[in-house]
Asker: 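The structure that follows is given in the form of structure tokens.
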Amino acid sequence: MSNIVKIHGREILDSRGNPTVEVDVVLDDGSLGRAAVPSGASTGTREAVERRDGDPGRYHGKGVRAAIGAVNGEIAAAVTGMDAAEQSAVDETLIALDGTANKSRLGANAALGVSLAVAKAAAVSAGQPLYRFLGGADATLLPLPLFNIVNGGAHADNPLDFQEFMIAPVGADTLADAVRMGSEVFHTLRGALRAASHNTNVGDEGGFAPTMATAEEVLAFVRQAITDTGYTPGTDIAIALDPAASEFYHGGAYHYRGEDRVRTVEEHVAYLAGLVDAYPIVSIEDGVAQDDLDGWKLITERLGDRVQLVGDDVFCTNVTLLTDGIKAGIANSILVKVNQIGTLSEMLTTARTAHEAGYSVVMSHRSGETEDTTIADLAVATGCGQIKTGSLSRSDRTSKWNQLIRIEEELGSAARYAGRTTLTGQAVS
Ligand SMILES: C=C(OP(=O)(O)O)C(=O)O
Ligand SMILES: [Mg+2]
């Protein structure tokens with residue numbers, strides 16, 4: 001038993017240069033846990049509410065300072081003296097103290113910083129790495145990485161409607177091999193884009209952000225880059241998409257800016273199905289919008305037995321939304337982002353509920369990140385088998401891949417690489 005003796009929140013910068021929350025938790029045996037809180041750009045409407053600021057540049061830090069004030073004031077007063085190993089009790093205290101359904105009073109960013117820092121301090125106190133402290137001796141599964149190598153949507157200033165084009169080294173033998181393969185393709189793609197006179201600037205998650213108008217154009221480049229690197233598309237390296245469709249769904253239809261055309265729900269789902277037919281796509285996240293329940297039913301009926309259909313905005317890491325979705329028979333997978341719900345315990349409940357229903361779980365970063373690598377450990381602790389944490393450039397992204405490399409090395413012969421084993425739906429060949 002190690003009690004919390006000090007909680008200190010501070011303002012730091014995230015990868016977009018915006019202020020965010022970092023929390024230190026100190027225990028009576030001197031153990032220190034530190035956690036920094038990320039932030040999304042294409043946020044789901046039912047996410048827990050972070051106290052932040054709307055207009056970068058003009059405010060700089062007002063909302064974040066209010067969240068930090070809550071950490072150093074009300075939260076510190078309530079949580080100091082508690083046993084850091086009692087994560088559920090700490091998280092229940094945070095939830096009750098806030099008192100709202102969406103953590104809007106104190107801020108989900110205040111709650112999450114404390115929740116994660118407490119877990120990390122407890123792991124230090126127990127003399128264990130976080131993944132083992134939370135996951136036990138069975139936490140040996142290294143996740144399949146989904147590397148986001150082309151950025152569009154809300155994460156880039158190009159005309160691409162789809163937010164993320166990812167590659168997944170399903171045929172790698174180890175996580176370290178998967179990272180190497182991903183980076184090889186990333187560099188091949190850079191060369192191919194340059195050769196075709198496209199820019200090779202990167203977006204928020206470190207993937208290239210070329211001025212292309214259609215998903216097909218990107219997919220053709222990505223598939224060619226896989227082949228030109230010496231790998232077989234689909235067998236060695238598959239493709240995953242996050243269209244983040246809530247961002248371009250308005251008035252009951254999908255508005256494609258790049259092509260300057262509108263697709264009905266049926267046309268949009270048929271278009272995605274056509275992409276699955278034409279390319280080695282194994283996973284589509286938010287293929288339809290959070291408010292388009294008919295679209296979710298249609299896409300699940302049409303593609304659910306062929307590809308992984310991941311719910312991000314539609315579930316918001318919220319166990320109630322997930323349970324409703326399971327009952328409605330939509331999706332077959334959930335994206336899990338700790339800051340969407342605000343405490344570690346709630347995220348773990350959501351992940352467990354998904355697994356029990358046969359839904360796969362993909363651990364995820366946010367588009368605004370920090371150098372904090374906690375989600376790498378959480379992916380191994382939960383044994384979820386998949387993680388997306390951006391591209392193979394920018395330290396805010398590579399820090400997570402590098403942490404997974406370290407965990408794999410530390411596990412030695414006990415380490416197992418998930419490859420394609422945790423993908424739901426029928427993987428393509
Ligand atoms: C990581 C994502 O983006 P954001 O953090 O902007 O919600 C996503 O939509 O999956
Ligand atoms: Mg998403």
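It should be emphasised that the depicted structure is a prediction, and the values quoted were computed from it without experimental measurement.
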Asker: Evaluate whether atom CG of Asp157 has more than 12 neighbouring non-hydrogen atoms of other residues, nucleotides or ligands under 6.0 angstrom away.
Answerer: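 Open: at most 12 neighbouring heavy atoms sit under 6.0 Å from CG of Asp157.
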Asker: If the condition is salt bridge (Lys or Arg N to Asp or Glu O under 4.0 Å), which residues does Asp98 pass it with, not counting sequence neighbours?
Answerer: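 Listed in chain order: nothing, the list is empty.
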Asker: Apply the side-chain contact (heavy atoms from CB on, under 4.5 Å) test between Leu142 and each candidate in Thr174, Ile405, Ile387, Leu404; give the one that qualifies.
Answerer: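 So, applying the side-chain contact (heavy atoms from CB on, under 4.5 Å) to Leu142 and each of Thr174, Ile405, Ile387, Leu404, only Leu404 qualifies.
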Asker: So, Tyr254 and Asp292: side-chain donor and acceptor under 3.5 Å apart, yes or no?
Answerer: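 Per modelled atom types, Tyr254 and Asp292 side chains form a pair under 3.5 Å.
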Asker: Taking atom types as modelled, find out whether Asp204 and Ser367 have a side-chain donor-acceptor pair closer than 3.5 angstrom.
Answerer: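 The answer is no; no qualifying pair exists.
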Asker: Against Lys388, only a single residue in Glu369, Glu285, Glu205 fulfils salt bridge (charged side-chain N to carboxylate O under 4.0 Å, His left out); can you say which?
Answerer: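 With Lys388 as partner, Glu369, Glu285, Glu205 yield a single salt bridge (charged side-chain N to carboxylate O under 4.0 Å, His left out), made by Glu285.
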Asker: Yes or no on side-chain contact (heavy atoms from CB on, under 4.5 Å) for Val79 and Val25, after CA distance, side-chain angles and deciding distance?
Answerer: CA-CA 10 Å; Val79 170; Val25 166; over 6 Å; no
Asker: Is the closest basic N to carboxylate O distance between Asp177 and Arg180 below 4.0 Å?
Answerer: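 Salt bridge flag = yes for Arg180 with Asp177.
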Asker: Under 3.5 Å, is there a donor on one side chain and an acceptor on the other for Asp312 and Gln340?
Answerer: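 Side-chain D/A pair, Asp312 to Gln340: present.
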Asker: Checking Thr188 against Asp228: is there a side-chain donor and acceptor pair closer than 3.5 Å?
Answerer: no
Asker: Judged by modelled atom types alone, do Thr20 and Asp14 share a side-chain donor-acceptor pair under 3.5 Å?
Answerer: no
Asker: Which residue is it: Trp401, Phe208, Phe221, Phe165? I am looking for the one with a ring-ring contact (aromatic ring centres under 6.0 Å, His included) to Phe186.
Answerer: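 That would be Phe208; it is the only one of Trp401, Phe208, Phe221, Phe165 passing the ring-ring contact (aromatic ring centres under 6.0 Å, His included) with Phe186.
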Asker: Do other residues, nucleotides or ligands put more than 12 heavy atoms under 6.0 Å from the CD atom of Glu410?
Answerer: yes
Asker: Is it true that Thr370 and Asp372 share a donor-acceptor pair across their side chains at a distance under 3.5 Å?
Answerer: no
Asker: Quick check on Gln128: does its CD atom have over 12 non-hydrogen neighbours (other residues, nucleotides or ligands) under 6.0 Å away?
Answerer: yes
Asker: Testing the 3.5 Å rule here: is there a donor-acceptor pair between the side chains of Thr140 and Arg416?
Answerer: yes
Asker: Does a donor on one side chain sit under 3.5 Å from an acceptor on the other, for Asn339 and Arg366?
Answerer: yes
